Amino acid sequence: MADFGKPKKIGILTAGGDCPGLNAAIRGVGKTAIVEYGMQVFGFNAGYSGLINKDYIELKESQLSGLLTVGGTILGTSREKPYKIADKHDSNDKPEKIIETYKNMELDCVVCIGGNGTMKTANRLSQEGLNIIGIPKTIDNDVWGTDVTFGFDSAVQIATDAIDRLHSTANSHQRVMIIEIMGHHAGWLALYSGLAGGGDIILLPELEYNIRSVCKKIEKRYENKKPYSIVVVAEGIDHPKNQSPATHIAKSIETYTGIETRETVLGYIQRGGSPTPMDRILATRYGAYAAQCIAEGCFGSMVAIKANELTTVPLEEVGGKLRLVEPDLGLIQKARKMGVSFGDEYL
Ligand code: F6P
């Protein structure tokens with residue numbers, strides 16, 4: 001064990017929507033911090049609320065065992081945004097309370113595990129003078145500054161399984177099947193599961209679709225003796241407010257083509273359950289590296305993966321940005337050449 005003088009005291013929190021791999025990341029940070037660096041580790045409950053309300057537990061090494069396979073987060077999570085105020089005239093003492101907790105506990109660092117919103121807050125806290133390290137997670141895979149977030153691979157697996165199962169029932173009934181996949185701003189999950197599951201049409205928030213083009217593609221498939229179609233729809237696509245994206249696309253297709261259409265909204269199943277081996281490894285790498293960054297004093301940064309190498313990016317560069325699907329992405333171009341439609345072609 002390396003000797004760093006007085007043992008460091010660190011906090012860990014998980015914030016934002018949950019995803020598979022959070023516990024593997026907590027375990028990665030905690031075990032490395034305790035075993036390799038002799039640190040004392042505290043877990044804050046329910047995201048930033050735990051820091052505001054001084055709601056925490058000490059995490060001993062024994063409590064960090066048996067977590068790799070467990071879905072969700074043992075610390076709980078919330079969408080608490082301590083800097084957000086409903087009205088600019090309202091007073092907000094939450095940031096002050098966080099600083100107070102940090103100082104009273106004599107913490108040396110807080111590791112904030114979360115998505116874009118979490119990194120934005122992490123950056124604000126870092127600017128207040130707290131030592132912060134971010135770890136990127138989300139099934140949406142849209143955190144700026146890293147190539148991949150944990151949770152994504154597990155969600156791709158779940159969504160692909162669902163699409164696989166739709167093929168046989170679509171074929172039996174010769175129907176169009178719409179499946180709505182999570183991804184408010186970014187279409188990574190719809191793109192990857194749509195391609196892995198052999199979707200015929202994939203609609204992403206980043207690409208402007210035309211419903212006539214979608215319908216023409218379906219009609220052409222029928223003319224070419226392809227009796228069913230699978231349409232993968234990201235939840236963030238443009239749609240009327242009074243309908244879900246899946247309902248909007250299903251109703252439009254039935255109206256324009258007359259072909260029987262059904263919809264499935266996969267929902268929170270995509271965020272639940274045990275992480276895939278890839279996500280367990282990724283979360284472990286991120287966690288262990290975050291502990292190393294604390295020991296090295298590399299604060300105000302988010303751990304990241306670039307070209308499969310671990311690195312760090314400054315939190316101030318990450319906050320407030322999104323990593324979206326580029327319309328000219330090589331994967332999209334290749335899929336188009338194989339006949340996959342993104343609803344934006346002139347047919
Ligand atoms: O975790 C990301 C995400 O799943 C988005 O795709 C989705 O829009 C959002 O979270 C919904 O989560 P919640 O209902 O928990 O706010």
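Every heavy atom of this structure was used, including side-chain atoms; hydrogens, water molecules and symmetry mates were not. Since this is a predicted model, take the numbers as computed values, not measurements. Just follow the structure's listing: the first ligand is 1, and inside any ligand the first atom is 1.
- Within 4.0 Å of ligand 1, heavy atoms belong to protein residues R79, I139, D140, M182, G183, H184, E235, Y268, R271.
- At a threshold of 4.5 Å between non-hydrogen side-chain atoms, the residues I211 and Y256 count as touching.
- Among residues at least two apart or in separate chains, side chain to side chain donor-acceptor pair (under 3.5 Å) pairs with a member in residues 304-314 are R285-N308.
- Under a cutoff of 6.0 Å and an axis angle of 45°, R175 and Y228 do not form a cation-pi pair.
- If you check the side chains of S244 and T247, you find a donor sitting under 3.5 Å from an acceptor.
- Between the side chains of T264 and E180, no donor-acceptor pair is found at a separation under 3.5 Å.
- With a 4.5 Å cut-off on side-chain heavy atoms, I26 and L59 count as touching.
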